[in-house]
Amino acid sequence: MFDEMSQRGVGDVVSWNSIIAAYVQTGDPATALKMFDRMTGQGDFRLLPDAVSLVNILPACASVGAWLRGKQVHGYAVRSGLFGDVFVGNAIVDMYAKCGSMDKANNVFEQMKVKDVVSWNAMVTGYSQIGRFEDALGLFEDMREKEILLDVVTWSAVIAGYAQRGRGYEALDVFRQMRIRGSQPNAVTLVSLLSACASVGALLLGKETHCYAIKCLLYLDGNDSGDDLMVINAIIDMYAKCKCPKIAHSMFGSVAPKDRNVVTWTIMIGGYAQHGEANDALELFSQMLKHKSSLIPNAFTISCALMACARLGALRMGRQIHAYVLRNQYESTMLFVANCLIDMYGKSGDVDGARVVFDNMYQRNSVSWTSLMTGYGMHGRGEEALQVFDEMKKTGLPIDGVTFVVVLYACSHSGLVNQGIKYFNSMKTEFRVDPGVEHYACMVDLLGRSGRLDQAMKLIKGMPMEPNPIVWVALLSACRTHANVELGEYAAGQLLELESENDGSYTLLSNIYANARRWKDVARIRSLMKHTGIKKRPGCSWVQGKKGTATFFVGDRSHPQSEQIYDTLGDLIDRIKAIGYVPETSFALHDVDDEEKGDLLFEHSEKLALAYGILISAPGVPIRITKNLRVCGDCHIAITYISQIIEHEIILRDSSRFHHFKNGSCSCRGYW
DNA sequence: ATAGGGTTAG
């Protein structure tokens, strides 16, 4: 219609405004800007924009970050006298605020002769979005003086700002003030509040908000604005982030499938991926695809599904999703998805696959670089990780604390002790990043892993802050690796004092004693665990087959092919004994819970998973195993031997790193 | 015709 009109020369400002508004509203600001240029450009057709034109085009400038264009429009508004229109003024303030230039916004705001509550709200929002909450709340006082009533938007903007920055408790505080001052919350307020609860894991307050929402939804019910669904989505997300995936799922189930939108599905998939069973996330994802109605996964959905794959090491599924991404061209949001792909490939044992994704990206950010480095680090390919770091430095992308955690982690798992020390020392001097407690933990790990326990202890003593549990666990596990009972006891004692002892630290200490043949101490630890009710998390390994995942616990006989699995395993053990394998019984007490069942060393989950992997894999195909805890020492020795007598490469991911077993050696080279 | 909200990565 518009084209026809403009060809006949009957289009006027109103028709141009209408078509431009349509582009803005359907989320195509680039075309809107092009049309605005055509409207105002040289030629036969040159229309003077009116106030509506400006109010239409300013948000478009803001949303693509076209600060310069916005400034030109601002100039035109002043020259043409349209600046006096309060709508125009508000749109200019908002445009500057959204472009991150609050000082300019404030200038304009102060020049406006007529202001309304929207003007004030635009300023409050602007300050809240960049985290300048003192300035935002300062405006509250000005508003009170000028007797401008704070409305629901004013309050919600600040609550949302706090929520987005993870400052949930301050958001809740503002909400309380809002209630005291008698403002009535609406759907947006509730969504912001729920997101605040989610960000700090405040389950109780989240439940309170849920109850409040039930009351409010009675009134909202029946309008088609989609507000109800948004609130419900936020409730599902809140429960998932507060580590209640079951409640989240029952809320999800309470929404009729036809009423769910992409966000509903994505929230639930992401909730399972991060706080529940990652397998359930993938199950839900394929359910969503089967729905085949108008539900199309967006970049968020894909990222969540890839997170689930990464957690499981589900390479086969991850590759399928990668193919889906390529087929469906998720270009516009490729950066995020590609970063998830790098992470997924790295964590699923295919770091070369991660590299291919990285090399094919046309845009990268620091997450892309660090994800790739993490991948190399986990696989013990420290030199390559450091090469990537050198390349990253050349890009000018910010090098922050996270980058150094990854660099030090890579050094630690490849035995690059001197380089690690060098990078640690360069953090402050060269990159102006203050080493945090997490970097000290990395250094303790680095020194400890390589056996320099005294040096590690010296570093801890010289720390400028209190060592946290992670530091002591790093020391403790180094004491296990290098059989240092005395220092191990000390580290365990420190953990006890910080009241953060968990099943892992008890197991480590018990292993240290067992290794030293101090069985009385082993028994003491065991009874201490029984007394305090600390249970060892059961070890669990899984293998991806063509028909889904097979999971094994220690001594597990639940698999239908159990008999065959045990036969294969027994056969392998016999064969490696013949070439020198001696069972390392000090690890037999690793699984203290199962002690009554006898010596289950030969039935550890990773051994069972390997036997099953051999059964289902074609010759020469790598076998990929994932374990929830660290691999047991005896299993590590046994699998090294087994790799000598079978044709498969064995790729095992434990909670610390990857082990590639091939021809009788492991890529970890002792750096667990 | 202007202001506020839900899902993703190291």
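Every chain is numbered from 1 and lettered A, B, ... according to where its sequence line falls, protein lines coming before strand lines. Small disclaimer: the values here were computed from a predicted structure and weren't measured. Computation of the quantities below employed the complete heavy-atom set of this structure, encompassing side-chain atoms and omitting hydrogens, waters and symmetry-equivalent molecules.
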Is any side-chain N or O of K115(A) closer than 4.0 Å to OP1 or OP2 of dA3(B)? no

Is any side-chain nitrogen or oxygen of Q164(A) closer than 4.0 Å to OP1 or OP2 of dT7(B)? no

Short side-chain to backbone donor-acceptor contact, N328(A) and Y324(A), under 3.5 Å: yes

Donor-acceptor contact present, side-chain R311(A) to main-chain K347(A), <3.5 Å: no

Look at the side chain of H413(A) and the backbone N and O of F658(A), then say whether any donor-acceptor pair between them is shorter than 3.5 Å. no

Once hydrogens and angles are ignored, does a donor-acceptor distance under 3.5 Å link the base of dG4(B) to the side chain of N186(A)? yes

Under 3.5 Å, is there any donor-acceptor pair linking the side chain of T370(A) to the base of dG10(B)? yes

Positions of residues 103-111 of chain A (non-hydrogen atom under 4.0 Å from DNA chain B), listed by number: none

Check this for me: does the side-chain of N365(A) come within 3.5 Å of the base of dG10(B) through a donor and an acceptor? no

Any luck finding a side-chain donor-acceptor pair between N56(A) and S53(A) under 3.5 Å? no

Can you confirm whether the side chains of N339(A) and N365(A) place a donor and an acceptor under 3.5 Å from each other? yes

Please determine whether a side-chain nitrogen or oxygen atom of K241(A) lies at a distance below 4.0 Å from atom OP1 or OP2 of dT8(B). yes

When you check the phosphate oxygens OP1 and OP2 of dT7(B), does a side-chain N or O of Q274(A) lie under 4.0 Å from one of them? no

Within the structure shown, what part of the strands sits under 4.0 Å from N17(A) by heavy-atom distance: base, sugar-phosphate, or nothing? nothing

